[in-house]
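Residue numbers start from 1 in every chain, and the chains themselves are labelled A, B, ... in the order their sequence lines are given, proteins ahead of strands. None of the values given here were measured: they were computed from a predicted structure.
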2 protein chains.
Amino acid sequence: MTKYEHVYHDVKDGIKQHRYKIGEQLPDGKTLAANYSCSEMTVKRALDMLVDEGLIARKRGAGTFVKRLPREMNFSHGSASFSHLLGTAANLETAGVKLTTKLISFEVIPADTSLASSLNIESDELVYKIKRVRIIDNKPTTIEETFMPISRIPGLKKQHAEQSIYSYIEGILGLKIHSATLSLSVRKADHEDAKLLAIPVQEPLVVVSQVVYLDNGKTFEFANIKHISESFNFTTHYVRENRKVGVV
Amino acid sequence: MTKYEHVYHDVKDGIKQHRYKIGEQLPDGKTLAANYSCSEMTVKRALDMLVDEGLIARKRGAGTFVKRLPREMNFSHGSASFSHLLGTAANLETAGVKLTTKLISFEVIPADTSLASSLNIESDELVYKIKRVRIIDNKPTTIEETFMPISRIPGLKKQHAEQSIYSYIEGILGLKIHSATLSLSVRKADHEDAKLLAIPVQEPLVVVSQVVYLDNGKTFEFANIKHISESFNFTTHYVRENRKVGVV
DNA sequence: GAGTGGTCTAGACCACTTC
DNA sequence: AAGTGGTCTAGACCACTCT
């Protein structure tokens, strides 16, 4: 563990355990640096992470103040879209939730111009097109339609799609997932959606469209994930000064 | 403008203008530091902001790579909830959109325990309760129900609620808005929602619940903002390593 | 004026990837 | 082995708030 991670965790624990209370001021940078035997820059680095997470606010000339408690990881299977990114299966299962996957279709198609543009590949390059339904605690909850270029994810088989594609990519291929851009909107279920999710036609669905990147900057996935809206919840923080946001 | 802001903007422009192309590698830290006559730490600081915005990926041992272009600020009045935070009126109006506000009610009530807990105040402390409909291009688009403690926002009048509360807070009171936590979910319109937004009952609405903080760490607003779902869109980035997210 | 956080540096040293 | 980014420092100097 790095020094700044240590400071970060320790201060965060301090907030969680009410050693630092909401509304109170933290010790100043010099003092913390002395307490942790590190430089002030390292303290700043650690506290900036807490700012990004929405737990504290720092004000030049005034001090550092506790805004709120860290919230417990609430895997109320709402944020399935997000934990999907983090490796759905593992996260949800350790949370004691039963997740299963139903593979609807697994094809290889040439990318049309729109898809090629999303994936930053040439038109007509071959991509996997995978459609799956995720079932959480015996309730169909999301429909995932995923597109990945064959060239970047070679050797993917049906069997992987029936389990976790992400563990194939990270575990077997040894690639690292770096980041994603997500866009949320709401659409109404068509007949196929309704059938797959066992809901009435026209029910609202939250559609998460995501482009996912590897750590070499290359796109490897474009996906549309439709969530039953009642089991969807998404929380984020917005910090004004640095245009940064943290996710719980 | 600080040095890191300068480097940040210049590299970002370089990406926007295809001087650095998608998939390509940026010059290394030492080189950039020399080019900009600054230290490598300053370059890192600037590039980390671009990482948080989802534009580049940095990989230790390998280099820094361009992921995608900065997206143009698309004020498709979808992200009204977000620009609300940034000072809705100003932003939308400079974007050439006509925004008006209809004040539905303006009361002062004692906070119940749940509200008091959200606002970090004592139960029964007095709060403003303000209900407004936002009308964009002559179309009612959101219903905002806002609660603010009188003690922290003294002197608020109906007239401010009919315009921009945020400019009262920042302009007149001289307070600074620091950050917010947002939570998104979907609900169906009840009779009152339907009437106010001129839509059928049971239409889906996106509900944004937000707690907003001042730069001294104190909560000053809790709000529920209901959006007509068809005009709602929300985009964000997720970066794995540092648990940071940027918003476009 | 005293105290706070923010910027910036020049350089040491380390971790990792790539060849 | 060469080249990349990441961590960390000790300190200078600046900007701001508070009272």
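- The residue A:K59 sits close only to the backbone: its heavy atoms come under 4.0 Å of sugar-phosphate atoms, none of a base.
- Two residues, A:T2 and B:D215, neighbour DNA chain D, and the one matched to the more 5' nucleotide by heavy-atom proximity is A:T2.
- For the salt bridge (Lys or Arg N to Asp or Glu O under 4.0 Å) with B:D215, the lone residue among A:K59, A:K67, A:R60, A:R240 that qualifies is A:K59.
- OP1 or OP2 of C:dT9 has at least one side-chain nitrogen or oxygen of B:T42 nearer than 4.0 Å.
- Each of A:L47 and B:S37 was assigned the nucleotide of DNA chain C with the nearest heavy atom; the assignment lying further toward the 5' end belongs to A:L47.
- Straight-line distance from the CE atom of B:M41 to the P atom of C:dG6: 14 Å, rounded to whole Å.
- If you measure from atom CZ of A:R60 to atom C1' of C:dG5, you get 7 Å, rounded to the nearest angstrom.
- Between B:R58 and D:dT4, a side-chain N or O to OP1/OP2 separation shorter than 4.0 Å is absent.
- For the residue pair B:Y166 and B:E221, a side-chain donor N or O sits within less than 3.5 Å of a side-chain acceptor on the partner.
- Contacts of A:T31 with the nucleic acid, taken as non-hydrogen atoms under 4.0 Å apart, are absent.
- Checking side-chain atoms of B:Q25 against main-chain N and O of B:A62 turns up a donor-acceptor pair under 3.5 Å.
- With hydrogens and angles left out, the side-chain atoms of A:R58 and A:T64 include a donor and acceptor closer than 3.5 Å.
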